[in-house]
Q: 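Dumping the structure here so I can ask a few things about it.
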Amino acid sequence: MLESFERIERSFYEREPLRVTEELLGKYIVRETPNGKLVGKIVETEAYIGPYDKGSHAYNNKRTKRTEIQYGERGFAYIFAIYGKNVCFCVVIGRKYVPAVALIRAVEPVSGIELMKKNRETEDIKNLTNGPSKFCQAFGITKNDYGTDLCTSQNLYLVKGEAIKSSEIARSKRINIDYAEEWKDKEWRFYIKNNEFVSRF
DNA sequence: CGACCGATCCTC
DNA sequence: AGGATCGGTCGT
């Protein structure tokens, strides 16, 4: 299935942010753990483009300890805590000093499903990875993974997958950013049509 | 150091 | 539809 298992190189991320966000669909995220390997196919993403996007943590170039990684090179992991126990996983896709990230909102479980069930404490496959924090929980992603270089890490990385036809891709407004004023209506969310692991239909 | 609040999830 | 839950951030 993953014969090629070719890691995504940095040049993939070094392109126009919305295009990268869309083309992450169909790629695979791999997590190596002492208890086994977890693999998921990315089925839903969102773009956050800091300098002018009021939905972004780095809006107006806000630079704090949390957002610092967004100001570095592309292909690194931006992970943030939200609502207590939860974290979300993003990939830095803005060129140096220009904060921008692609949020991975949902993946389709591919392998390591038993371990995902254990991590999520549920047997319901549909409920393992169909949300940004659910997927992180299933994959054991924590704040410790903040700043990981996805192009060189042995524990957490992205690999090439099937190209998704544009006719199979849907686009919409982003989720849960009502505070973002005029930017909340930007259609910067991408997902694979009719995929049952997308967070919301 | 206290207060506010969220790129969510879960249960009702 | 509403509560849980706590780290990041900022103001005092």
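Below, chains carry the letters A, B, ... as their sequence lines are ordered, and counting in each starts from 1. Because the structure is a prediction, the values reported are computed rather than measured. What you see below is based on every heavy atom in this structure, not just the backbone, and it leaves out hydrogens, waters and symmetry mates.
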Q: Are any of A:His57's side-chain N or O atoms less than 4.0 Å away from OP1 or OP2 of B:dA7?
A: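 Result: yes.
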Q: Using whole Å, report how far CG of A:Asn127 lies from P of B:dC10.
A: 6 Å
Q: Rounded to whole Å, please give me the gap between NZ in A:Lys134 and P in B:dA7.
A: 18 Å
Q: Take the protein atom OH of A:Tyr83 and the nucleotide atom C1' of B:dC9, then report the distance between them rounded to whole Å.
A: 10 Å
Q: Using a heavy-atom cut-off of under 4.0 Å over every strand shown, decide if A:Arg105 touches base, sugar-phosphate, or nothing.
A: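 Sugar-phosphate: the residue A:Arg105, judged by heavy atoms under 4.0 Å, touches backbone atoms but no base.
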Q: Using whole Å, what does the distance between atom P of nucleotide B:dC10 and atom CD of A:Glu121 come to?
A: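 Rounded to whole Å, this separation is 10 Å.
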Q: Between C:dT9, B:dC10, B:dA7, which one does the side chain of A:Arg66 approach most closely?
A: C:dT9
Q: For A:Leu103, report the nucleic acid contact type (base, sugar-phosphate, nothing); a contact means any heavy atom under 4.0 Å.
A: base
Q: Side-chain contact test, heavy atoms from C-beta onward, threshold under 4.5 Å: evaluate it for A:Ile8 versus A:Lys27 and give yes or no.
A: yes
Q: Provide, to the nearest angstrom, the distance between the CD atom belonging to A:Glu44 and the P atom belonging to B:dA7.
A: 16 Å
Q: In whole Å, what is the span from the CZ atom of A:Arg120 to the C1' atom of B:dC10?
A: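 Going from A:Arg120 (CZ) to B:dC10 (C1'), I get 9 Å.
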Q: Checking contacts here: which listed nucleotide (C:dG7, C:dT9, B:dA7) is nearest the side-chain heavy atoms of A:Ala81?
A: C:dG7
Q: Which is true for A:Gly55 with a 4.0 Å heavy-atom rule: it touches a base, it touches only sugar-phosphate, or it touches nothing?
A: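 The residue A:Gly55 makes base contact.
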Q: Looking at A:Glu22, A:Arg171, A:Arg200, which hits side chain to side chain contact (heavy atoms under 4.5 Å, CB included) with A:Arg189?
A: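 Exactly one option meets the side chain to side chain contact (heavy atoms under 4.5 Å, CB included) with A:Arg189, and it is A:Arg200.
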Q: A:Asp178 and A:Lys173: salt bridge (charged side-chain N to carboxylate O under 4.0 Å, His left out), yes or no, with the steps?
A: CA-CA 11 Å; A:Asp178 289 344; A:Lys173 297 175 184 178; over 6 Å; no
Q: Which is it for A:Tyr179 and A:Glu181 under the side-chain hydrogen bond (donor to acceptor under 3.5 Å, both in side chains) test, yes or no, and what are the steps along the way?
A: CA-CA 6 Å; A:Tyr179 54 84; A:Glu181 300 177 17; over 6 Å; no
Q: Let me know the distance between CG of A:Asn86 and P of B:dC10, rounded to the nearest Å.
A: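 After rounding, the reported distance stands at 8 Å.
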Q: Less than 6.0 angstrom from the centroid, inside 45 degrees of the normal: does A:Arg15 satisfy that with respect to the ring of A:Phe12?
A: yes
Q: Name the closest nucleotide to the A:Lys85 side chain, picking from B:dA7, C:dT9, C:dC6.
A: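 Among B:dA7, C:dT9, C:dC6, the one nearest the side chain of A:Lys85 is C:dC6.
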Q: Taking the side chain of A:Ser56 as heavy atoms from C-beta outward, which of C:dG7, B:dC10, B:dA7 is closest to it?
A: B:dA7
Q: Looking across every strand, which nucleic acid part, if any, lies under 4.0 Å from A:Lys54 by heavy atom: base, sugar-phosphate, or nothing?
A: nothing
